[in-house]
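Quick note on labels: first sequence line is chain A, next is B, and so on, each numbered from 1. Both backbone and side-chain heavy atoms feed into the values below; hydrogens, waters and symmetry mates do not.
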Protein chains: 2
Amino acid sequence: MDLSPTAYVILGMLRDGPRCGYEIKSAVDNSTRFFWAASYGQIYPELRKLSEAGLIEGRPDARGDRKRVEFKLTAAGRGELGSWLRRPPETFELRDEGLLKLFFSGAVEPEDAAATLRAMREHHRAVVERLREIEPNATAAGDGYPLLVLRGGIEYNEWLADWCERMERDVLAEPAEERSA
Amino acid sequence: MDLSPTAYVILGMLRDGPRCGYEIKSAVDNSTRFFWAASYGQIYPELRKLSEAGLIEGRPDARGDRKRVEFKLTAAGRGELGSWLRRPPETFELRDEGLLKLFFSGAVEPEDAAATLRAMREHHRAVVERLREIEPNATAAGDGYPLLVLRGGIEYNEWLADWCERMERDVLAEPAEERSA
DNA sequence: GCATGCATGTAAGGAGTTACATGATTCA
DNA sequence: TGAATCATGTAACTCCTTACATGCATGC
């Protein structure tokens, strides 16, 4: 079967118990969003489609007068999740405006390139902070994979921040024009 | 001024001399595409818009009967490029299907998680190979920034591949269920 | 003569974000 | 009572990719 990218995040988020759209969204925001985001504009229409395809099942579960629909995987949905997890990953995409600016920095002063690197570094440091905050969540998960991924994210952002720091020094020490000579 | 993301790649690619759309596309494919891609479907319409906005200027430059239009930055275009380069970067996006699969791997066997990591590792190793092939291009550039970015890309993909290797060992050594205990 | 590369473009569609609209509940 | 949180959903829009269409030039 060939589902939309977002469909798999949803199936995955339902892997150990029912959840409503709102909870799926916040689970994503507190975990996968650093490498796989999803917005309400995708989630709700996708829940409907998955439901129609028989991969998930919704059950009304109002809290008082506030309505709420809880979705859970069907057998078919669990099968589809497993078969996707066993296929090799295809998508790896990076979109880094900082690197793009750095790439073109021959058109500006070395100080400007250094400022770009500084901004990049600060961004990655901030992500590290945020990930450390989330760590307790991941620790509480049913299996160890979310924690493994989270710790990977911390190391990854630290590596990136360190790279930025090194390059900042390089760029200020020997401006690019000299280095290329 | 507020231009589309693709607009800046184009302005940047014109930073040291005129180029036609086809050349911009192949320059992107041989350099920035690993962190900032662009397709013909974006490039040609954007060239028109930038031209209408007075940031670039097209000059017909047919090669025999094969038509060709060469674009170069106007003074305004060069100004806009510089002002963008001096603003801090905003976009950093990662979309990694492998990490997503790994995150949900509690639903499959440890061997499946290891297979995902192996595929990820192979991908990053292959990118390293490809980047090494491109290295001579970057070395030839007018300033040192493209080379700095390229070498960063090599280190980055090597780091990722190594991380995958480490995690592959971890996952096989102590399955996730135990680790979380 | 044919494949590959050079060169320009468009149409259709998929994917995703933002902003909006609506309304209940909870807690300070 | 008012802010934050829970909860569902849609409309408009941007961005981007893929596939197609066209045709000349070059080199084997």
What is the distance from [atom1] of [X] to [atom2] of [N], rounded to the nearest Å?
X	N	atom1	atom2	answer
Arg63(B)	dA7(C)	CZ	P	6 Å
Arg68(A)	dG9(D)	CZ	C1'	16 Å
Asp61(B)	dA25(D)	CG	P	14 Å
Phe71(B)	dT8(C)	CZ	P	7 Å
Tyr40(A)	dC6(D)	OH	P	9 Å
Gln42(B)	dG9(C)	CD	P	16 Å
Asp2(B)	dC15(D)	CG	P	9 Å
Trp36(A)	dA15(C)	CH2	C1'	11 Å

For Ala37(A) and Gln42(A), work out which heavy atoms get closest and say how close. O-OE1, 4.4 Å
What is the minimum heavy-atom distance between Ala38(A) and Thr6(A), and which atoms define it?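 Of all heavy-atom pairs spanning Ala38(A) and Thr6(A), the closest is CB-CG2, 4.3 Å.
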Taking only side-chain N and O atoms of Tyr22(A), does any of them lie within less than 4.0 angstrom of OP1 or OP2 on dT8(D)? no
OP1 or OP2 of dT18(C) sitting under 4.0 Å from any side-chain N/O of Ser39(A)? no
Using a strict 4.0 Å threshold on nitrogen-to-oxygen distance, state whether Glu155(B) and Arg166(A) make a salt bridge.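 Looking at Glu155(B) and Arg166(A), the cut-off is met.
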Between Arg132(A) and Glu158(A), is there a side-chain N and carboxylate O pair less than 4.0 Å apart? yes
Please classify the nucleic acid contact of Ser26(B) as base, sugar-phosphate, or nothing, using heavy-atom distances under 4.0 Å.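 Counting heavy atoms under 4.0 Å across all strands, no contact is made by Ser26(B).
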Let me spell it out: for each of Arg48(A) and Lys67(A), pick the nucleotide of DNA chain D with the closest heavy atom. Which residue's pick is nearer the 5' end? Lys67(A)
By nearest-heavy-atom nucleotide on DNA chain D, the more 5' of Ser4(B) and Pro45(A) is Pro45(A)
Side chain of Cys20(A) (C-beta onward), nearest among dG16(C), dA24(C), dT8(D): dT8(D)
Quick one: pull up CD in Glu52(A) and NZ in Lys49(A) and give me the separation to the nearest 0.5 Å. 9.0 Å
On DNA chain C, nearest-nucleotide positions of Leu47(B) versus Arg95(B): which is more 5'? Leu47(B)
